[in-house]
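Only a predicted model underlies this, so the values are computations on that prediction, with no experimental measurement involved.
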Amino acid sequence: MAEAADFQGTSPSPARRWLRRTGALLAGVPLVAGLCQLPAAAPAQAADTSGSVSVAIDTLSPSAPTDGDTLTVSGTVTNNGKQAVTAAHVGLQVGPELNTRSSIDTVSNGKDSLQGATGSEVGGKYEAKFAKLTPGVAQPFSLSVPVDELDLGDAGVYQFAVSLSGKTSAQPWDQPLGIQRTFLPWQSDEADTKTKTTFLWPLISSVHMTAETGSNAQQTPVFLNDDLAEEISAGGRLDQMLSLGENLDVTWVIDPDLLASVDAMTRSYRIQGEGDTTTPGTHQALAKQWLARLQKAVEDKEVVALPFADPDLASLAHNGTSVTGSLSHLDEATDVAATTVRTVLHVTPSTDFAWPVNGAVDPSIVKVATSAGADKLIARSDSLQETAGLSYTPSAARPIGGGTTAVVADARLSTAFQGDLTKASATTLAVQRFLAQSLALDLQTDKQRSIVVAPQRMPSASQAAAMAEAITALQGGNWSQPQKLSAAAAAKPDPGATTKVPAASAYPASLRKQELPKWAFQQIASTQNKLDNFKVILFDQSRVVTPFGLAMNRGMSTSWRGSATEASSFRSDVEAYIDDLISQVSLIDKSETKLSGRSATIPVTVQNNLVQGVEHLRLRLTSLSPNRLEIGGSSYDEQAVEVSGGHSQTVKFTTTANANGKASVIAQLYTEDGQPYGEAVRFDVKVTEFTATVMLVIGGGVLLLVLAGFRMYTQRKRAAAREAEQSGPDEAGEAADGPENPEGPEDRLNEEAATGPGAEDPEQPSDLTADTAAESADPSGTGERVDR
């Protein structure tokens, strides 16, 4: 009664204050005595039952209510304790307005804690009652309440909670046993100043295609696996991204490699199997359908094309710039990006945006990102943090020097949909938190700002669904309006916003651990060097330059983060495949070769097992013992080589022997610029040239044969003369007057002397040859073959 007599706003008299304190002290004595008699385990038992019931909010609709709406909340309650809960009820509580973005974070971090303010319960008929909650059994609930009954005040973000109270046998009084906190964004009327919000919709996948292509004219591509077909099939991740994104006002951020891969699936393709086997792909119709839907979805939307295969800019900056040629791959990936998107989607994309992982930047990343022509860098506010003490979140665009604009995505909004969102309750909490942060941002100031949301690169299907739900609610709300990324980048920057790029030491260690190592870029450089040497000999360089160039870009992809083993295997397979192609053009091994005579030719065969011809090759044959064996008049000789696909060519080299014995020679192919090509072939040449003594003996034998022949001729001539003298004159005359006038003995002797007695028999020992190997210094003909 004394307390009631006090007027509001006046202080009670000292006597009354003394009486009140004394009464309170006396009233507390029995309570203290009772507490002292409680068993020691009571406090611990109370802690055990605290939060023993989990509350899940599966739906909260509408996500951002306005005047006249009815708010519907549904979900489940599950008794996780060991004791049954009786006389339980689920109620709705509206807490005080949250005036800062950090206060929203605080509530989110303790969303299921029984500690902290929760606000008053709506009560009345807006509650769900349960006679008993059995341990381990989930019970559904659904409550609908007019927004007018929530007593919401001015526009703002309100804490909203669903709590469960009940009794247990250990604590038979009504008490809170579980709670789930979330947020209720309240903007009943159109905001005076709306935030311009850009939401990036990433269409990015992992690497799917290898460097291998078929030997046919179409160069049938070979895929690592059939995972891409699963992603674009009904219910797959990319199918969900497309189905959801086509109904949203977003900026599409696309990896051209994904488009190239799906486009390749529309024709004949094969899937890599065990060993060297492949199996035919069968999802051509699915790929055509998905691409047709995507073409329609982006025909009037903004499309940003990342460099082909989405190269890891941070890995390049930190580990790749010291490896020669690494940055050239980024240039090539940027050049092919626009062409790929135009060819597949029939739209012209923007290629002047670079997007490092998680928007984390440092000076070296900025330098690498802009080296390929990008003048806009998608960063994130937890990397490019505000240091000027602004009382509001500034616009995304920041000039960071050198004509480069950093488009700083809001970290809170961009990370709202990470984690496991497969459960409806997790999705609801993510959506409400996103909307709460967006509204709180808008209410910070009357100044209109451009805000960018850059979510994770490859959202799961459930994460994509949560993103789409949030975007739909945001675009249907009263405080935000959609904007293209290009417009956000061109917006006037806040003069007080941070523009200084953080130092390299500030780059997150967790991200640095996932980067591609230096040796990965060295392996790519090795593959590139082999490709450069290989392509110069080909009739049609595009058959290898294009697939291998794209494969090396894929070896630098951001998608390899967290998959170091798979990334290493991919790069090794690419290098092994170029090695295999190079080995298809080779020299055939030779065994020991024998040369008989002073000069001869040595054939060397070049085999081309490729499907296309090779040219611009030179074959060099080098003698390791030029004093014994000369090739082409010196220690070596070389000739041009040109071989059609699937054929071989034999090249002949003229040699001169100066001494007997073995001489080793080396055959090696070279490109026109003097680079060795393939493996060298080494073999021995055994020289068996005739010596001077042997030649003298042969010459003496020939002379004896000539003399013997002359002696036989003279002896026969004399014998014929004697026979003529012994014959009478009549006989001689008769012989002279004979009707047939046969030739006389002298004529026969003259003829015989001229032709030799054995002229018709080439095997007679008295035959004289026109030339011999020993007497002829000319080399053997080009058609001569020797033993391999």
Side-chain angles (χ1 to χ4, degrees), residues 27-28 30-61 70-96 107-108 110-152 158-184 423-426 428-429 432:
L31 177 61
V32 172
L35 291 174
C36 292
Q37 295 177 1
L38 290 175
Q45 188 178 21
D48 289 341
T49 58
S50 177
S52 60
V53 177
S54 62
V55 180
I57 304 174
D58 294 337
T59 62
L60 194 156
S61 179
T70 297
L71 186 67
T72 300
V73 183
S74 64
T76 59
V77 290
T78 305
N79 181 4
N80 297 321
K82 298 180 179 180
Q83 299 175 348
V85 176
T86 57
H89 76 277
V90 171
L92 306 178
Q93 297 176 334
V94 179
V107 172
S108 295
K111 58 183 177 292
D112 55 358
S113 173
L114 290 175
Q115 305 298 321
T118 58
S120 58
E121 189 172 309
V122 177
K125 60 181 179 180
Y126 306 113
E127 63 179 29
K129 296 183 178 181
F130 300 91
K132 182 179 181 181
L133 293 178
T134 305
V137 178
Q139 296 281 352
F141 69 87
S142 180
L143 295 172
S144 295
V145 55
V147 174
D148 297 341
E149 296 290 334
L150 300 179
D151 294 330
L152 300 174
Y158 291 86
Q159 183 181 164
F160 183 78
V162 178
S163 63
L164 180 134
S165 299
K167 303 176 182 179
T168 64
S169 58
Q171 295 177 317
W173 59 84
D174 192 60
Q175 58 186 310
L177 297 177
I179 192 170
Q180 183 64 260
R181 292 180 174 85
T182 185
F183 309 97
L184 200 62
K423 294 182 179 180
S425 57
T428 299
L429 294 180
Q432 295 307 124

Separation of [Y] [atom2] from [X] [atom1] (nearest 0.5 Å):
| X | Y | atom1 | atom2 | result |
| --- | --- | --- | --- | --- |
| S163 | E127 | OG | CD | 10.0 Å |
| L164 | Q180 | CG | CD | 12.5 Å |
| S425 | D58 | OG | CG | 5.5 Å |
| S144 | E149 | OG | CD | 12.5 Å |
| N79 | Q139 | CG | CD | 10.0 Å |
| D174 | T86 | CG | OG1 | 9.5 Å |

Can you find a pair of side-chain heavy atoms, one from [X] and one from [Y], that are under 4.5 Å apart?
| X | Y | value |
| --- | --- | --- |
| L60 | L71 | yes |
| V145 | L92 | yes |
| V122 | L143 | no |
| S52 | N80 | no |
| S165 | H89 | yes |
| V94 | L152 | yes |
| V162 | F141 | yes |

When you compare the side chains of S61 and T72, does any donor N or O come within less than 3.5 Å of an acceptor on the partner?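 No pair is found: no donor N or O on one side chain lies under 3.5 Å from an acceptor on the other.
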
Among T76, L177, V77, the one residue meeting side-chain contact (heavy atoms from CB on, under 4.5 Å) with V55: V77

Using side-chain contact (heavy atoms from CB on, under 4.5 Å) as the criterion, point out the one residue from I179, V85, V90 that pairs with V53.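 In the set I179, V85, V90, the residue that makes a side-chain contact (heavy atoms from CB on, under 4.5 Å) with V53 is V85.
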
Stepwise, does the side-chain contact (heavy atoms from CB on, under 4.5 Å) test hold for Y158 with L150? CA-CA 10 Å; Y158 291 86; L150 300 179; over 6 Å; no

Shortest non-hydrogen contact from T78 to G136? CG2-C, 4.3 Å

Ignoring hydrogens, what is the shortest heavy-atom contact between S169 and P172? Give both atom names and the distance.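 Closest pair (atom of S169, atom of P172, distance): O-CD, 4.0 Å.
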
Is there a donor-acceptor pair under 3.5 Å between the side chain of R181 and the backbone N or O of Q159?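 Not at all, since once roles are kept as given, no pair shorter than 3.5 Å links the two residues.
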
